[in-house]
Amino acid sequence: MPNIILLGPPGAGKGTQAKRLVDERGMVQLSTGDMLREAKTSGTEMGRRVADVMDKGHLVTDDIVIGLIEERLVNEHAAGGYIFDGFPRTLTQADALGELMARIGQPLDAVVEIKVDDEVLKDRIVGRYTCGTCGAVYHDTNRPTKVAGTCDACGGHDMKRRADDTEEALRTRMLAYYRDTSPLIGYYYAKHQLSSVDGLAEMDAVGAAISSVLDKA
Ligand code: AMP
């Protein structure tokens, strides 16, 4: 099964689409954002160090996220293929991922850029909440739960909002995306690994477009 990167600004739908690929294809989602939030919640030394940086919307240092990804890649084998979600976010991270994959003898089969209009991102992010039990993603107006406060997928009642899903932190996250992450589009294009899908389409249509990239990979 292919290993892929999902690339796109905050709110593009990387996490939503990654979860779908996990359910439909048994792929393994490696989200550095989720790993860092877990470290924050469980109160590890590293979690305490990154908490403020994350809440404000800045990137954490390359060595921390590269270390997290390395630990996962060398310790588990994903027969279903990996989905890198929110990693790499800098050119240094992209180079490190290339080296890591070579070291474990795995190809990187495709990089899928989810293209969106900046104007819609703010609305998507400010209003977003997730089920703390199963990770399903909802939105106050675009995709509310059928019963308020109850997860459609698992019936859980532990709805969570991210500390960095505020207008101010979002401005910082967008700036980080355009300054540090968007150069990866050119980087992977030059390596003939880039495909782009329209992230403004319906969620199912975005999923179908990503699936068709995967099937060709
Ligand atoms: P995400 O859930 O992908 O939006 O990530 C949430 C936050 O975690 C980001 O705003 C950063 O502070 C941090 N983060 C996640 N992944 C990375 C990464 N690859 N490099 C640097 N910081 C990251």
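Counting convention: from 1, in listed order, for ligands and their atoms alike. Note: hydrogens, waters and symmetry copies are ignored here, and every other heavy atom, side chains too, is used.
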Kindly say whether G8 contributes a backbone atom to a donor-acceptor pair with the side chain of K14 at under 3.5 angstrom?
yes
Which residues satisfy the side-chain contact (heavy atoms from CB on, under 4.5 Å) test with [X], sequence neighbours excluded?
| X | value |
| --- | --- |
| R25 | M1, L21, M27, S211, L214, D215 |
| K40 | A51, M54, D55, A163 |
| A102 | none |

List by chain and number: which residues place a heavy atom under 4.0 Å from ligand 1?
T32, G33, L36, R37, M54, H58, L59, V60, V65, G86, F87, R89, Q93, R162, D164, R173
Do L97 and I5 have side chains that approach each other closer than 4.5 Å (heavy atoms only, starting at C-beta)?
yes
Non-hydrogen atoms of M174 and L121 that approach each other most closely:
CE-CD1, 3.5 Å
